[in-house]
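Note sheet for the following structure.
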There are 2 protein chains.
Amino acid sequence: MKKNPTQKYASIIFKKHNHNVCFNNAMKAFQKHCFEKNLKLTPLRIKVFEFLLRDHQPLGAYQILDMLRDSGFGSTPPIAYRVLDFLIEQGFAHKIKRLNAFVACSHLGSTHSPAFMICRKCEKVAEINEKESGVNLKKAAPFDFKIEEAVIEVIGLCISCITVEAT
Amino acid sequence: MKKNPTQKYASIIFKKHNHNVCFNNAMKAFQKHCFEKNLKLTPLRIKVFEFLLRDHQPLGAYQILDMLRDSGFGSTPPIAYRVLDFLIEQGFAHKIKRLNAFVACSHLGSTHSPAFMICRKCEKVAEINEKESGVNLKKAAPFDFKIEEAVIEVIGLCISCITVEAT
DNA sequence: ATCGCCATGTTATAATATAACATACGTTTA
DNA sequence: TAAACGTATGTTATATTATAACATGGCGAT
């Protein structure tokens, strides 16, 4: 049984892991998606997605703009926000409201109702799926409310930061 | 068995209800809390809490500032943000990230892990507790992550707006 | 070849939030 | 009682995040 370590447990994000696997899988999925949906795989979009994939650190729009400037791209706010909107719409990035920042999606290609674990110390973010998160929105149905979407952000300490803090 | 209708079902917030009960209970609890904790119950704090209690519409900081100006209070941003921080710390208000806005707390006096149902149309907000929300954070524990806090915001359509939309 | 689409670029500004310092007032303390 | 202190409020300036509106340029379809 071959398994992709990035899919098995979200918590690996907080540990050392073979990040090349994360990176390459995601980039390939992105290329494939754009090809299949006939969307333009432009240098700018690739670059921003690369930034988000670098590690699992969320990036603010203005951080991304700085990095774009360094790479010779335009660097006024709409540049970043538009690419981010694109990535989010296509399911390759998420916005973390807690941090006003953006992360690459870790559950590529599947429709999902994401939840996030955010380390308050290192600010790395792991994405977990609905099942993993213990979230069952069906249960919320007794209310006269038609649920369309849920934003779930769990804040705490990741395993690496717990370890450091204990020393 | 006497029960406070504001406690029974969060969804009553989206319907007509005896809002005087909501308002008076909350204001009394606030007064009691400040007295017991020896915190200053100032005109400014009372006024801002009143604004939040008016209906169940979240208010942005700058909306509150406008209302404060109309009431003869100072109206520069720190005025509002400081009072809001106070109310949040004391458990009488919450921030709704989705809306960059603030609401009075509906579960006064009890420690709780709140979740919110936000109507995308009328933008009213109902607070529900963790159990009601269908979120079970205990289940998220298999991860090597120490949970400290969760932000849960469910977006959808409230019963009143469903009814209107159906006509 | 030109039209239209769409990504990118630019300019300006809106919306949200905080830092740093000033004032005012009641309480404690010398 | 006067000085010292703590805390709430007020003010000025600025930081941070995000969007509106319009311009340019490439590229494929007709």
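Naming convention: chains lettered A, B, ... in sequence-line order (proteins, then strands); numbering from 1 in each chain.
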Would you say that [X] contacts [Y] through its side chain, given a criterion of any heavy-atom pair below 4.5 Å between the two side chains?
X: B/Pro77; Y: B/Leu65; value: yes
X: B/Lys121; Y: B/Leu157; value: yes
X: A/Arg45; Y: A/Gln90; value: no
X: B/Ile46; Y: B/Met27; value: yes
X: A/Val125; Y: A/His94; value: no
X: A/Ile79; Y: A/Phe73; value: no

Check the distance between [N]'s [atom2] and [X]'s [atom1] and give it to me in whole angstrom.
X: B/Phe86; N: D/dA8; atom1: CZ; atom2: P; answer: 7 Å
X: B/Tyr81; N: C/dA20; atom1: OH; atom2: P; answer: 18 Å
X: A/Leu65; N: D/dA15; atom1: CG; atom2: C1'; answer: 16 Å
X: B/Ile79; N: D/dA13; atom1: CD1; atom2: P; answer: 16 Å
X: B/Asn38; N: D/dT7; atom1: CG; atom2: P; answer: 11 Å
X: A/Phe73; N: C/dT8; atom1: CZ; atom2: C1'; answer: 11 Å
X: A/Asp66; N: D/dA15; atom1: CG; atom2: C1'; answer: 14 Å
X: A/Asp85; N: D/dT17; atom1: CG; atom2: P; answer: 16 Å

Salt bridge present between B/Arg82 and B/Asp85 (N-O < 4.0 angstrom): no
Interface residues of residues 43-60 of chain B with DNA chain D (non-hydrogen, below 4.0 angstrom):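 The answer is B/Leu44, B/Arg45.
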5' precedence on DNA chain D between A/Lys40 and A/Phe102 (nearest-nucleotide basis): A/Phe102
Shortest side-chain distance from [X], nucleotide among [options]:
X: B/Arg82; options: D/dG10, D/dA8, D/dA21; value: D/dG10
X: B/Thr76; options: D/dT12, C/dT10, C/dT16; value: D/dT12
X: A/Pro77; options: D/dA18, D/dG10, D/dA21; value: D/dA18

N/O (side chain, B/Asn100) to phosphate O (OP1/OP2, C/dA17) under 4.0 Å: yes
Distance-only donor-acceptor test, A/Tyr62 side-chain atoms vs D/dA18 base atoms, 3.5 Å: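 It does, because a donor-acceptor pair links the side chain of A/Tyr62 to the base of D/dA18 below 3.5 Å.
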